[in-house]
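The block underneath contains the structure these notes are about, expressed in structure tokens.
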Amino acid sequence: MTSTTTLTGGLPEEHRERLMRVAREVSYVAGARLFEEGGRADRFWIVRTGTVILDLRVPGRRAAVIESLGHGKLVGWSWHFPPYLWHLGAEAMTPVRAWEFDAGAVRALCTQDPVLGRAVATWVGNVVAHRLHAARIRLLDLYGPHGSGSSL
């Protein structure tokens, strides 16, 4: 079963093909920061190989790892919502190869084609819902009473 948070599970083939026309291949070494919480969200990525971790600053502590993302996963959703600032940070946990997308170009495509725009909005919305749930569970596991981070 393919998750709706992956590119292949989240978008129909015709929309994936349109997006891939504006993608470029990039790579990152392990430990490279893709973005920092609060920074300008002007791009996003789809992981081809490797693992990217998402983290959240916690005052007085080291950043909490919220989720690990691998093949086919969307890295970054803040580009889709004004004011276009990252809500989390991201780091390559291993060497990463990815497709990178210019956020402005993708937003322009979505404006030009409302059907594509709706599909992308639904996909990104599913990713946001998943990430918020993962963040809640992870933070409860780290800082809540024992057993409070269960998914139900």
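Residue indices begin at 1 and follow the sequence shown.
- Side-chain atoms of Arg97 never come within 3.5 Å of backbone atoms of Thr49 as a donor-acceptor pair (strictly under, hydrogens ignored).
- Nearest heavy-atom pair across Arg131 and Gly76 is NH1-N, 4.3 Å.
- Shown are Phe35, Phe101, Trp77; of these, the ring-ring contact (aromatic ring centres under 6.0 Å, His included) with Trp45 is made only by Phe35.
- Summarising the geometry of Ala103 relative to Ala41, their closest heavy-atom pair is CB-O, 4.4 Å, with the distance given to 0.1 Å.
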- request: Run the numbers on Val52 and Tyr28 for side-chain contact (heavy atoms from CB on, under 4.5 Å), then give the verdict.
  value: CA-CA 10 Å; Val52 174; Tyr28 296 94; over 6 Å; no
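- One N or O on the side chain of Ser78 and one on the backbone of His87 form a donor-acceptor pair closer than 3.5 Å.
- Residue Arg61 holds its CZ atom at 12.5 Å from CG of Leu56, rounded to the nearest 0.5 Å.
- From His71, atom NE2 reaches atom CD1 of Ile46 across 10.0 Å, with rounding to the nearest 0.5 Å.
- Put simply, the side chain of Arg18 never gets that close to the backbone of Leu116: no donor and acceptor are under 3.5 Å apart.
- No option in Tyr84, Trp79, Trp86 other than Trp79 meets the ring-ring contact (aromatic ring centres under 6.0 Å, His included) test with Phe44.
- Evaluation of the ring pair (Phe, Tyr, Trp, His ring centres under 6.0 Å) rule for Trp99 yields no partner, not counting sequence neighbours.
- Ion pairing between a basic and an acidic side chain is recognised when a charged N comes within 4.0 Å of a carboxylate O; Lys73 and Glu67 show no such pairing.
- Closest of all the heavy-atom pairs between Ala119 and His15 is CB-CD2, 3.6 Å.
- Looking at Val22 and Asp102, their side chains never come closer than 4.5 Å, going by heavy atoms from C-beta outward.
- Under a hydrophobic clustering in which Ile, Leu, Val, Met, Phe, Trp and Tyr are joined whenever their side-chain heavy atoms come within less than 4.5 Å, directly or via other members, Val47 and Val26 fall into the same cluster.
- Of all the heavy atoms in Val75 and Ala90, the pair that sits closest is CG1-CB, 4.3 Å.
- Side-chain atoms of Thr51 do not come within 3.5 Å of backbone N or O of Thr94 as any donor-acceptor pair.
- Considering all non-hydrogen atoms of both residues, Leu74 and Val124 come closest at CD2-CG2, 4.4 Å.
- Across every non-hydrogen atom of Pro114 and Thr111, the tightest pair is CD-O, 4.3 Å.
- Looking only at side-chain heavy atoms (C-beta outward), Glu100 and Leu34 stay at 4.5 Å or farther from each other.
- The shortest side-chain heavy-atom distance between Ile53 and Ser68 falls under the 4.5 Å cut-off.
- Summarising the local packing, CZ of Arg33 is surrounded by more than 12 heavy atoms from other residues, nucleotides or ligands at distances under 6.0 Å.
- Of the inter-residue distances, the one linking Leu132 atom CG with Ile137 atom CD1 reads 11.5 Å to the nearest 0.5 angstrom.
- With rounding to the nearest 0.5 angstrom, the CD1 atom of Ile66 is 8.0 Å from the CG atom of Leu54.
- Taken together through direct or relayed side-chain contacts under 4.5 Å among Ile, Leu, Val, Met, Phe, Trp and Tyr, Val115 and Leu11 form parts of separate hydrophobic clusters.
- For His80, there are no ring pair (Phe, Tyr, Trp, His ring centres under 6.0 Å) partners at least two apart in sequence or on another chain.
- Once rounded to the nearest 0.5 Å, the distance linking CZ of Arg24 with CZ of Arg43 reads 6.5 Å.
- Rounding to the nearest 0.5 Å places CZ of Arg118 at 13.5 Å from CG of Asp113.
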